[in-house]
Amino acid sequence: MTFRFTARARLTILYTGLVLVAGLVLTGLTYLFMRHRLGQRSVRVDLRGPDGTAVTAPRPEDLLPDLDRLQDETLHELLIQALIALAVVTALAALLGWLVAGRVLRPIRAISTTAQRLSAENLSERVPVNEPRDELAALAATVNGMLDRIQAGVASQKLFTANAAHELRTPLTTMRTAIDVTLDGEPGRDELIAMAEDVRTAIGKSQRTLDGLLALAHSQAATGRRHLVDLSDLVAVSDESNLRPAPVVGDPVLLEMMVANLVDNALRHNESECEIEVESGVEGGEGFLRISNGGHMIDPGETKRLLEPFVRGDGGRTGEGVGLGLAIVHAIVLAHRGRIRLDPRDAGGLCVTVRFPLPDVGRAVPSR
């Protein structure tokens, strides 16, 4: 069985070891300096008798053994006392190291405990961020930010799943109702044909929804090989006067799908007699594509919701289409490190602008 030290134990051992090594070095240097100093010290002895008369001093050769013995005893006593003091200091250092390590690691234990309590059903708990604002507080704030993003992602995924289930269940309900009503009795040829048309329409809507979901998943993955693409070449409009080169490095299939969804969305929701306006080019060091259409008035606060799946042009979940056009565009733009902006027009309608960083032409692969 392998014994593993905890982080607190390792920090305590490290701190104690540093104090012990520093103490040993200090004791050794003190011993050497004292030995060297005592070896150089000269002693003058003035010997006098009881009456104050000078007494003949002993010869130095006679005093050397006693002086050497006294020096050795002094150094030995110094070494013993220093080692005892070092042992006491090391023990105190181990105790203080254990307490300090526990205090330092307390925020990390709080993060670990909070993470263990979290689950897909409980993402509301957060790690406490204590003062002072040091590296551990920054770590706790970073973990809380990550939890906020995870919670938002899970909530968005649940909403997306619920909306997708609703969108797929509606045509199934339509088909079931048409079949039940028609077969409740003796249906004639015309009734069977009408039922078949209703079923075909419902199947078509289901197929468009599934195709949109697959396109959305593909655009979010964005695993295709990237080439140099000009956005102006992907737009098929009668008036090309505002189309200037807008180079982008990306997946040609996804970029073509993005442009097609933007144009289709603009045509579907264009309720005025004016034609849609398309503009492309380079602006502010970015390639851009801008498409505007007329229509009903849109609240500026609702434009962000139009990028969500199954939200249609009126901001709700009803109307034509499956409500995945702008969601697919948004996913493609993010997959290409771009930006998308939705601006309501004063006269009604919407202006959608997508921007992408200019490519490094030397490393780009031309589209074929």
Side-chain angles (χ1 to χ4, degrees), residues 120-121 152-221 253-254 256-273 276 291 293-299 301-332 340 342 344 348-350 352:
E121 303 300 329
V154 171
S156 176
Q157 189 69 25
K158 290 181 178 179
L159 179 61
F160 174 82
T161 303
N163 289 339
H166 176 81
E167 293 293 331
L168 292 174
R169 185 175 59 184
T170 299
L172 292 176
T173 303
T174 301
M175 287 186 283
R176 178 67 178 269
T177 302
I179 293 174
D180 290 343
V181 171
T182 302
L183 297 182
D184 186 14
E186 298 292 336
R189 175 181 174 83
D190 294 338
E191 292 177 326
L192 291 176
I193 293 176
M195 179 193 70
E197 290 296 334
D198 292 340
V199 172
R200 172 185 287 182
T201 302
I203 292 176
K205 184 176 181 179
S206 297
Q207 185 174 2
R208 290 194 300 271
T209 302
L210 291 174
D211 291 341
L213 291 174
L214 290 175
L216 179 60
H218 179 58
S219 60
Q220 290 174 336
V253 176
L254 292 180
E256 185 176 1
M257 182 189 301
M258 177 196 72
V259 175
N261 276 277
L262 285 174
V263 174
D264 180 70
N265 187 77
L267 290 173
R268 178 181 294 113
H269 297 284
N270 188 32
E271 299 179 356
S272 65
E273 296 180 356
I276 65 172
I291 299 180
N293 67 292
H296 62 272
M297 300 295 296
I298 300 177
D299 185 359
E302 293 293 325
T303 54
K304 189 175 181 180
R305 291 194 63 242
L306 298 178
L307 300 177
E308 299 177 3
F310 303 111
V311 175
R312 299 176 176 84
D314 57 355
R317 299 184 62 254
T318 61
E320 297 181 357
V322 296
L324 291 173
L326 288 180
I328 294 174
V329 170
H330 189 209
I332 294 174
I340 183 171
L342 278 61
L350 189 66
V352 182

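Because only heavy atoms are used, hydrogens play no part in the values below, and waters and symmetry mates are left out as well, while side chains stay in. Everything quoted here is computed from the prediction, not taken from an experiment.
Residues meeting the side chain to side chain contact (heavy atoms under 4.5 Å, CB included) test with Asn261, sequence neighbours left out: Met257, Ile328, Val329. Looking at residues two or more places apart in sequence or on another chain, you find a side chain to side chain contact (heavy atoms under 4.5 Å, CB included) between Leu172 and Met175. Among residues two or more places apart in sequence or in another chain, the side chain to side chain contact (heavy atoms under 4.5 Å, CB included) test is passed with Thr182 by Pro187, Glu191, Leu192, Met195. Applying the side-chain hydrogen bond (donor to acceptor under 3.5 Å, both in side chains) test to Arg169 and every residue at least two apart in sequence or in another chain returns nothing. Scanning for side chain to side chain contact (heavy atoms under 4.5 Å, CB included) contacts around Thr201 gives an empty result, with sequence neighbours left out. The side-chain hydrogen bond (donor to acceptor under 3.5 Å, both in side chains) search around Asp180 returns Arg176, not counting sequence neighbours.
Tested against Leu267, the residues Asp264, Val263, Asn270 include a single side chain to side chain contact (heavy atoms under 4.5 Å, CB included) partner, Val263.
Across all their heavy atoms, Pro344 and Leu350 have their closest contact at N-CD1, 4.0 Å. Among all heavy-atom pairs drawn from Ile340 and His330, the shortest one is CG2-CD2, 3.6 Å. For Leu254 against Ile332, the heavy-atom pair with the smallest separation is O-CD1, 3.2 Å. Closest approach of Ser206 to Pro171, counting heavy atoms only: OG-CG, 2.9 Å.
For Glu197, the CD atom sits in a packed shell: over 12 heavy atoms of surrounding residues, nucleotides or ligands are nearer than 6.0 Å.
When side chains are defined from C-beta on, His296 counts as touching Ile298, because their heavy atoms get closer than 4.5 Å. Between Leu262 and Leu326 the shortest side-chain heavy-atom distance falls below 4.5 Å.
One finds the CD1 atom of Ile203 at 11.0 Å from the CG atom of Asp198 (value rounded to the nearest 0.5 Å).
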